[in-house]
2 protein chains.
Amino acid sequence: MDQAKSLNIHHPFQQSLPAVAKSPSTPITEHLAYLLAQANREINRQLDARFKKEGVPVEQWRILKVLSDGKGHSMGDLADAVLLNHPTLTKMVDRMVSDALVYRVQDPDDRRKVVMFISDRGKTLTQRLNSLALSQEAHIAENYGNKATADLKRLLESLIEKAN
Amino acid sequence: MDQAKSLNIHHPFQQSLPAVAKSPSTPITEHLAYLLAQANREINRQLDARFKKEGVPVEQWRILKVLSDGKGHSMGDLADAVLLNHPTLTKMVDRMVSDALVYRVQDPDDRRKVVMFISDRGKTLTQRLNSLALSQEAHIAENYGNKATADLKRLLESLIEKAN
DNA sequence: AGGAAAATATTGAATATTCAACGATTCCCG
DNA sequence: CGGGAATCGTTGAATATTCAATATTTTCCT
């Protein structure tokens with residue numbers, strides 16, 4: 001097959017070679033937004049790799065962890081806490097209910113609300129996930145340095161606070 | 001309709017009230033992975049809001065920015081640079097080709113490869129996006145502090161480097 | 001009280017992402 | 001040289017996320 005055609009490749013007739021070099025704008029790697037995305041992606045990837053054997057995505061760990069305080073949490077609170085949009089959370093919770101990690105109770109004080117709880121099965125899974133997560137944190141602190149890690153956390157917290 | 005039934009709500013028969021409080025494990029808000037996700041989400045949301053009027057998602061800005069060095073980039077290089085999986089990048093580039101922001105050329109030296117270039121139309125859009133992004137950076141530096149911003153960037157860079 | 005407005009969570013359709021498999025090309029090595 | 005392995009990018013199917021609309025309940029206001 002003609003690859004050029006199938007891939008929509010063409011020759012750059014619309015291009016004109018610039019007579020002089022453009023002033024190069026800030027490289028993307030210097031933007032805070034990019035650095036955050038890159039760091040987040042990498043750390044998440046590593047954490048996901050550790051969670052792989054439990055077959056649980058990072059978001060579910062967050063949900064379990066928040067619920068493991070034993071108190072009930074509404075879907076709205078939970079969505080904020082675990083950084084997920086409402087519909088996404090609803091569907092993820094559906095899966096977790098199927099897996100019996102978590103369950104819903106109607107809030108008796110406000111019947112619009114649902115109160116989420118963690119099950120015993122969820123609790124034991126959470127413990128395994130917590131130790132995987134802690135071992136990752138330890139690994140990071142190890143070859144990144146305790147001070148750097150602490151400094152970074154502090155700066156991130158303060159950025160998040162200011163950003164609201 | 002019976003909401004309890006439709007929402008798969010039930011009462012917590014499987015729960016037993018713990019006789020004593022559990023030792024609370026590290027709150028999720030203290031995990032580096034969570035702080036990164038939160039900061040990334042927030043900064044991205046703000047940047048996306050600024051890009052809204054151009055109708056361009058942040059990922060497309062990254063692509064445009066990388067390509068705006070005028071050199072050609074293979075899809076593989078680009079995927080690494082813009083933090084996107086290969087198939088995701090392919091499909092996003094398809095859209096950008098449709099919008100005439102970007103175009104493909106077959107690499108003459110290695111015909112498996114495709115070399116991506118930015119179009120003139122893409123360049124002018126990039127300039128508008130760059131200035132939106134710079135104004136965001138300025139806004140952050142303003143109420144977060146120049147030093148904190150610089151420190152945070154430095155720590156992120158070093159984390160990313162160590163994480164590989 | 002009573003009805004409009006707000007809050008809460010879910011649903012369905014549209015959209016986007018991911019995983020696995022593929023086709024094409026190049027590399028490597030006996 | 002020749003053929004199996006590796007590389008590069010894309011595709012299609014499966015999965016996940018998002019947007020807008022909805023149902024239900026509560027709040028607010030006069």
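Computed from a predicted model, the values in this text were never measured in an experiment. Naming convention: chains lettered A, B, ... in sequence-line order (proteins, then strands); numbering from 1 in each chain.
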**Study point:** Salt-bridge present (R111(B), D107(B); N to O < 4.0 Å)
**Key:** no

Check your understanding: Looking at dT18(C), dA9(C), dT11(C), which one has an atom nearest to any side-chain atom of M75(A)?
Key -> dA9(C)

Identify each atom pair where a protein N or O and an N or O of nucleotides 3-6 of chain D are less than 3.5 Å apart, giving names and distance.
none

Practice item. Would you mind checking if E42(B) and R45(B) are paired as a salt bridge, meaning a charged N to carboxylate O distance below 4.0 Å? Key: yes

Review point. Between L78(B) (CG) and dC8(D) (P), how many Å, whole number?
Key: 14 Å

Review point. Charged N to carboxylate O below 4.0 Å: is that the case for R104(A) and D94(A)?
Key: yes

Check your understanding: Taking NZ from K91(B) and C1' from dA13(D), how many angstroms apart are they, rounded to a whole number?
Key -> 9 Å

Review point. Between atom NE2 in H86(B) and atom P in dA16(C), what is the gap in whole Å?
Key: 21 Å

Practice item. Starting from the 5' end of DNA chain D, give me the residue, P87(A) or D109(A), whose nearest nucleotide shows up first. Key: P87(A)

Check your understanding: Quick one: do K153(A) and E30(B) make a salt bridge, cutoff under 4.0 Å?
Key -> no

Practice item. With a 4.0 Å heavy-atom cut-off, tell me which residues in residues 45-65 of chain A come close to DNA chain D, sorted by residue number. Key: none

Review point. Between atom CG in N85(A) and atom P in dT8(C), what is the gap in whole Å?
Key: 16 Å

Review point. What is the distance from NZ of K113(B) to C1' of dA24(C), rounded to the nearest Å?
Key: 14 Å

**Study point:** Integer-rounded Å distance: dT17(D) C1' and D94(A) CG
**Key:** 14 Å

